[in-house]
2 protein chains.
Amino acid sequence: MSSKEQQVLEDFISQNNLKITRQRRVVLNAFLENEEHVSAEDLHRIVKEKESNIGLATVYRTLSLLTQSGLAVELDFGDGQKRYEHNYMHSHHDHMICTECGKIIEFNHPLIEKFQEEVARRNGFTITSHKLDMFGLCADCK
Amino acid sequence: MSSKEQQVLEDFISQNNLKITRQRRVVLNAFLENEEHVSAEDLHRIVKEKESNIGLATVYRTLSLLTQSGLAVELDFGDGQKRYEHNYMHSHHDHMICTECGKIIEFNHPLIEKFQEEVARRNGFTITSHKLDMFGLCADCK
DNA sequence: GTTAATGCAAATGGTTTGCAGGCAT
DNA sequence: ATGCCTGCAAACCATTTGCATTAAC
């Protein structure tokens, strides 16, 4: 399997004099094949089903590579562990997090973005990134 | 000194069969007198200038009390440590965080709030809380 | 063959907890 | 006197790092 994502990772790896290893392929594929917004431990659990002795440290190190190469984005919902979401050809969006079942709904509202820019400009502030998280109950949980 | 905030804390304390101690007063006052958005270590440093052997654990425990009693709000900007901001008679707002100097500008934009509600409704989602953080450079740092 | 990557275990750093003595009620 | 609170040190837990070995190049 040689997805576009695999190409992106391999390009990044060769541009930095790094090496393509079996473990990195396994972690990347597990990341791509599974649901968005996994934590490192989630991925480690998934990956160990195929390849029993991949270390947690390797998963962390690979996630860091995926983040640097632009394939993944680190999310922090303030619950003490980071999640990673897919980022390849995946445009900016914000999150609604169901505090009951953990479901994450992505959304984007162009006017919200526009007003953010406006508030920033009014304060002489230059935005480099932003995040909007809404916590509450999804339709299934209320 | 017997501010309204002190009253709020003491009410909370007596309603829960807890005790008013010298340390709790010192931490509360340091929290109130100092700039918003302190971390626990910040507060501990400040507090130790007045009262040299207050333990960090006490600061954490008191901050937890302040949060439960509604005087403080926990913030997590994803940099690995929590900050606490004043909450007494302090209405909802979001944050712009300067990644150069650490300055935090608070803002509120009613239309942003309104569109958040709209997006949530459209997805059958009920918001219980939300946060919007914008990272970038403040006017002084660009 | 050289150099980077791995797995493991130990280290880190912010936060929390257990405990014996101390203080508010 | 009772029982919450304190300071200290140890425990926690997600993440990172050091190191000897293994694998990519």
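What you see below is based on every heavy atom in this structure, not just the backbone, and it leaves out hydrogens, waters and symmetry mates. This structure is a prediction, so every number in the text was calculated from the model and none was measured.
- The nearest whole Å value for the distance from the CG atom in B:Leu56 to the P atom in C:dG14 is 10 Å.
- Contact detail for A:Thr67 and A:Glu74: the closest heavy-atom pair is OG1-CG, 4.4 Å.
- At whole-Å resolution of the value, OH in B:Tyr84 and C1' in C:dG14 are 10 Å apart.
- Counting to the nearest Å, the P atom of C:dG7 and the CG atom of A:Asn53 are 6 Å from each other.
- In this structure, B:Tyr60 has its ring center at least 6.0 angstrom away from the ring center of B:His44.
- Ionic pairing of A:Glu10 and A:Arg25 is present here: one or more N-O contacts between side-chain nitrogen and carboxylate oxygen are shorter than 4.0 angstrom.
- Rounded to a whole Å, the CG atom of A:Asp76 is 18 Å from the P atom of D:dC13.
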All N/O donor-acceptor pairs, side-chain side in residues 131-142 of chain B, below 3.5 Å, sequence neighbours left out:
| unit_1 | atom_1 | unit_2 | atom_2 | d |
| --- | --- | --- | --- | --- |
| B:Lys131 | NZ | B:Asp76 | O | 3.0 |
| B:Lys142 | NZ | A:Gly124 | O | 2.4 |
| B:Lys142 | NZ | A:Thr126 | OG1 | 2.9 |

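- For B:Glu51 and C:dC23, the CD to C1' distance is 14 Å, given to the nearest whole Å.
- Atom CG of B:Leu65 and atom P of D:dC5 are 8 Å apart (whole Å).
- One can place CZ of B:Phe12 at 14 Å from C1' of D:dC4, the figure rounded to the nearest angstrom.
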Output one line per pair: protein atom, nucleotide atom from nucleotides 17-20 of chain D, and distance, for all N/O pairs under 3.5 Å.
| unit_1 | atom_1 | unit_2 | atom_2 | d |
| --- | --- | --- | --- | --- |
| D:dG18 | O6 | A:Arg61 | NH1 | 3.3 |

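- Looking only at atom types and distance, the side chain of B:His86 has no donor-acceptor partner in the side chain of B:His37 under 3.5 Å away.
- Distance from the side chain of B:Ile54 is smallest for D:dG7 among the nucleotides C:dT6, D:dT16, D:dG7.
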For nucleotides 23-25 of chain D, give me every protein contact, N/O to N/O, under 3.5 Å, one pair per line with atom names.
| unit_1 | atom_1 | unit_2 | atom_2 | d |
| --- | --- | --- | --- | --- |
| D:dA24 | O3' | A:Ile20 | O | 3.2 |
| D:dA24 | N3 | A:Lys19 | NZ | 3.2 |
| D:dC25 | OP1 | A:Ile20 | N | 3.2 |

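- The pair B:Lys50-B:Glu33 meets the salt-bridge criterion, with a side-chain N (NZ, NE, NH1 or NH2) lying under 4.0 Å from an Asp/Glu carboxylate O.
- Taking every heavy atom of both residues into account, B:Arg24 and B:Thr62 meet most closely at CG-OG1, 4.0 Å.
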Pair B:His95, B:Phe107 - check ring-ring contact (aromatic ring centres under 6.0 Å, His included), show working. CA-CA 6 Å; B:His95 299 98; B:Phe107 70 93; 8.0 Å; no
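- In this structure, A:Arg24 reaches the C:dT6 phosphate: one of its side-chain N or O atoms is under 4.0 Å from OP1 or OP2.
- Taking atom CD of A:Gln81 as the reference point, atom P of D:dT16 lies 13 Å away to the nearest angstrom.
- Between B:Tyr60 and the phosphate of C:dT16, there is no side-chain N or O to OP1/OP2 separation shorter than 4.0 Å.
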Run the side-chain contact (heavy atoms from CB on, under 4.5 Å) test on B:Glu117 and B:Ile127 for me, step by step, so that the C-alpha distance in whole Å, both residues' side-chain angles and the decisive distance to 0.1 Å come before the verdict. CA-CA 8 Å; B:Glu117 281 297 344; B:Ile127 303 177; 4.0 Å; yes
